[in-house]
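Contents: one structure, followed by commentary.
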2 protein chains.
Amino acid sequence: MSENRPNGTALRRAILDETRHLLVADGYDNLSMRKIARAVGCSATSIYLHFENKDALIHALIDEGMEQLHEQLVTAAKEPEPSARLNALAHAYVRFGLDNREYYQVMFQLHPERMERYPVEKFRKARRNLEIHAEALADGVEVGVFRTGSPETGAHVLWTALHGLVSLLLAERVDVKLADEAFIDAAVQHALDGFSK
Amino acid sequence: MSENRPNGTALRRAILDETRHLLVADGYDNLSMRKIARAVGCSATSIYLHFENKDALIHALIDEGMEQLHEQLVTAAKEPEPSARLNALAHAYVRFGLDNREYYQVMFQLHPERMERYPVEKFRKARRNLEIHAEALADGVEVGVFRTGSPETGAHVLWTALHGLVSLLLAERVDVKLADEAFIDAAVQHALDGFSK
DNA sequence: CTACGATGCTTATCACTGTTAATCGCTGCC
DNA sequence: GGCAGCGATTAACAGTGATAAGCATCGTAG
């Protein structure tokens, strides 16, 4: 099975490249196997030789996105002071979402049905993006600048707030008169406030 | 045009009824014009005599959902004390989302493209659901229990947090070990904390 | 009472979608 | 040389939203 060899063929890589390109350009809803095939220069069914189905193909891109997000979070987490670090993490998360709308949508807004068969090892990798927030919270509790239940719960709670902000902005549901940089800062601040001691 | 007469024909009502039923039962992704037609007992194209397209049909259901949500928020808003009222509103919003997942998804998670032609008067109606939160905030500021920028901004910020909570729970992204009633309460509390003086 | 136009609904059709089955062509091996 | 296996293809299936054309029924004008 081609899925098993770590270094896929050139075709596999080309499929991923074109899919990424089409996703970013046209969005998930306008992504079709035939369009990908046309862009790659192969038949639609050839994609199925390298990916079980469309979901599996998207899962590979989600994994890429999670890795990109992780990189940006790691950069933000260099700040040693827990409070400033969590602030940087939160802003980095939101910025990633706004800067990569189509990526964000498949990463976090895909219907749970489409995620049912998301591979465990990819899921574990994605969870690091939560853990990095939990760590900042735990460190903050230790030095006495934060209060929270468990850091894991706290990280999830923070995530819900940040995700809601990104989601509503991407969905263009927030009044355009309000949805500026100041609004984002206010919402992020609001999400962080609850942890301050 | 049948769209113009306030009381549509029996067919129009039947289409709405069956669409609502199918949406709740199978979800938006599994909703098709042909399935609706089959359930109603008419041809698929007949639906286009009463609704411009699939989006317009969904818009009618979104409007219904907004009305239902509004009713539940109004009930929660009977509480006179602003702090308790906002708390009741937030919990009512989240409960509505969790109790009506498919409805919530079309109401708040539909791709902006699908909402581009959402009618202005329906949009204005939907905005009451934000205003009812803003009112509680404004009242709270007046009696000195809340602090916030403008109540409108505050309501939007609160909305982002609540929406994120509902979205992640509906998307089943929150660790099942965490996603219980206590977690919901903690997240809602967190979202409200920032307004307390 | 007949003829006509409008209205409501249908069938046929188009260009797509994800996915599977069957098939083709090529390469390496016995 | 012939054959197995593998990568890739074409053909096909069932379904999608949507449009165009056609059919039947009805109220009304002549």
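Below, chain A is the first sequence line, B the second, and so on; all start at residue 1. Atom set for the values below is all heavy atoms of this structure, side chains included, hydrogens, waters and symmetry mates excluded.
Mapping A:Leu31 and B:Ser46 onto DNA chain C by nearest heavy atom places B:Ser46 at the nucleotide closer to the 5' end.
No donor-acceptor pair under 3.5 Å is formed between the side chain of A:Arg85 and the backbone N or O of A:Ser83.
In terms of polar N and O atoms assigned as donor or acceptor, the side chain of B:Arg34 comes within less than 3.5 Å of the base of D:dG17 in a complementary pairing. The base of D:dT10 lies close enough to the side chain of A:Thr45 for a donor and an acceptor atom to sit less than 3.5 Å apart.
Nucleic acid contact for A:Ser43: base, since at least one base atom lies under 4.0 Å from a heavy atom of the residue. Residue B:Leu57 is classed as having no contact, given no heavy-atom separation below 4.0 Å to the nucleic acid.
Put simply, CE on B:Met33 is 17 Å from C1' on C:dT17, counting in whole angstrom units. Summarising the geometry, the separation between CZ on B:Arg117 and P on D:dA18 is reported as 11 Å, rounded to the nearest angstrom. Taking atom CG of residue B:Leu11 and atom P of nucleotide C:dC9, one finds them 5 Å apart after rounding to whole Å. Here the C1' atom of nucleotide C:dT17 and the CG atom of B:Asp29 are 14 Å apart, to the nearest Å. Residue A:Ile15 contributes atom CD1, which lies 15 Å from atom C1' of C:dG18 at whole-angstrom precision. Rounded to whole Å, atom P of D:dG17 lies 15 Å from atom CG of A:Asn30. If you take CD1 of B:Ile47 and P of D:dG17, they are 9 Å apart, rounded to a whole angstrom. What separates CG of B:Leu49 from C1' of D:dA21 is a distance of 14 Å, to the nearest Å.
The residue from B:Leu165, B:Leu178, B:Leu168 that alone fulfils the side-chain contact (heavy atoms from CB on, under 4.5 Å) condition with A:His156 is B:Leu178.
Residue B:His50 has a polar side-chain atom (N or O) positioned under 4.0 Å from OP1 or OP2 of C:dC9.
Relative to the ring axis of B:Tyr28, B:Lys54 places its NZ or CZ within 45° and under 6.0 Å from the centre.
For B:Lys35, counting side-chain heavy atoms from C-beta on, the closest listed nucleotide (D:dT16, C:dC9, C:dG18) is D:dT16. Of all nucleotides listed (C:dG18, C:dT19, D:dA18), C:dT19 comes nearest to the side chain of A:Asn53.
Checked for salt-bridge contact, B:Arg95 and B:Glu181 meet the test: a charged N lies under 4.0 Å from a carboxylate O.
Judged by distance alone, the side chains of B:Asp29 and A:His111 never bring a donor and an acceptor atom under 3.5 Å apart.
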